[in-house]
Amino acid sequence: MVAPNVKAETMRLMDRRTALEAEMNAIIAALSAPGGPGITGGLVDAEGFPRADIDIPAVIAQRRKLGELRNDHRDITNKIEKNLEALHSTKLTRNEQSTPRSSGTSVPLHGGLSQNDPMEEDVVTRLPFAMIDEIAEGSPAAVDGLLLGDEIVKFGSVEAGDRLQERLVSEALSNEGNQVSLLINRQGSPMNLTITPRMWHGRGLMGCHFRIL
């Protein structure tokens, strides 16, 4: 059967993506350590000379590696999305086949995909659309419990779709001072959190960056 093979491949891809994210998080953490240049920080001092307090070749190599991992992550995410579309198509087809034309009652076929296949539901509902790749110390995001590498499955009313950055900003602005419910994946495990977008001494209302996956 095609569907079980697609499901197994999807799970393997998700495991691979989790491993990539762990590697990305380790690089981000190293670059963002106290005194570090961060992901995009400058490598020269105020006088235009190479910074003497960091290993510039190592930083360049880490940033290059991070870019490669991000490209791999995007490719794998695209494959996962295509597989999910195939799973949905197979599920709809089998549900149609399992419903007699003379009756409105659905009778699942033996050996087919049930309408509430737990594994399929988990794959679909746990697909994140963004990841926290920068977070400021003491920011609302940090204080309320978000961590580097957290994957965002749902942020308030925002789920996967178009214009995600714009919708995330709008959701935060419209909920300033109010709690926003989040569904995240942290190291492969789903979690529910709440965050309150609010003014603080830094930039924005949350002090973190969402990288769209």
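The figures that follow rest on heavy atoms only: side chains count, while hydrogens, waters and symmetry mates do not.
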Give, for atom [atom1] of [X] and atom [atom2] of [Y], the distance between the pair rounded to the nearest 0.5 Å.
X	Y	atom1	atom2	value
Asn71	Ile76	CG	CD1	11.5 Å
His209	Gln165	NE2	CD	5.5 Å
Asp75	Ile80	CG	CD1	11.0 Å
Leu193	Ser181	CG	OG	9.5 Å
Leu173	Met206	CG	CE	11.0 Å
Leu69	Arg17	CG	CZ	14.0 Å

Could you list all the ring pair (Phe, Tyr, Trp, His ring centres under 6.0 Å) pairs where at least one residue sits in residues 174-205, not counting sequence neighbours?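 Applying ring pair (Phe, Tyr, Trp, His ring centres under 6.0 Å) to every pair that reaches into residues 174-205, excluding sequence neighbours, yields nothing.
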
Using the rule that two of Ile, Leu, Val, Met, Phe, Trp, Tyr join whenever any of their side-chain heavy atoms come within less than 4.5 Å, decide whether [X] and [Y] are in one cluster.
X	Y	result
Leu146	Leu148	yes
Leu66	Ile60	yes
Val143	Leu147	no
Val59	Val44	no

Give me the atom names and distance for the closest heavy-atom approach of [X] to [Y].
X	Y	answer
Asn185	Pro190	OD1-CA, 3.7 Å
Pro197	Ile195	CD-O, 3.4 Å
Glu171	Ser157	OE1-OG, 2.9 Å
Pro50	Ile56	CB-CD1, 3.5 Å

Stepwise, does the side-chain contact (heavy atoms from CB on, under 4.5 Å) test hold for Glu134 with Cys208? CA-CA 5 Å; Glu134 292 184 38; Cys208 67; over 6 Å; no

Measure from the side-chain N and O atoms of [X] to the backbone N and O of [Y], and report whether any donor-acceptor pair falls under 3.5 Å.
X	Y	result
Glu151	Ala130	no
Arg167	Asp162	yes
Asp45	Gly48	yes
Asn175	Ala172	no
Ser139	Ala136	yes

Is any side-chain heavy atom of [X] less than 4.5 Å from a side-chain heavy atom of [Y]?
X	Y	value
Pro128	Leu213	yes
Thr194	Leu182	no
Arg63	Leu43	yes

Using atom types as modelled, flag every donor-acceptor pair under 3.5 Å from a side chain in residues 20-41 to any protein atom, sequence neighbours excluded.
residue : atom : partner : partner atom : Å
Glu21   : OE2  : His73   : NE2          : 2.6
Asn25   : ND2  : Glu21   : O            : 3.2
Ser32   : OG   : Ile28   : O            : 2.9

Do the two ring centres, one from Phe129 and one from Phe210, sit under 6.0 Å apart? no

Show, in sequence, the C-alpha distance, side-chain angles and deciding distance for Arg70 and Asp133, and conclude whether the salt bridge (charged side-chain N to carboxylate O under 4.0 Å, His left out) test is met. CA-CA 11 Å; Arg70 284 176 167 173; Asp133 66 351; 3.0 Å; yes

For Leu164 and Val158, run side-chain contact (heavy atoms from CB on, under 4.5 Å): C-alpha distance rounded to whole Å, both residues' side-chain angles, the deciding distance at 0.1 Å, then the answer. CA-CA 8 Å; Leu164 285 169; Val158 179; 4.0 Å; yes

Restricting to pairs with a member in residues 190-209, which pass salt bridge (Lys or Arg N to Asp or Glu O under 4.0 Å), not counting sequence neighbours? Asp144-Arg198

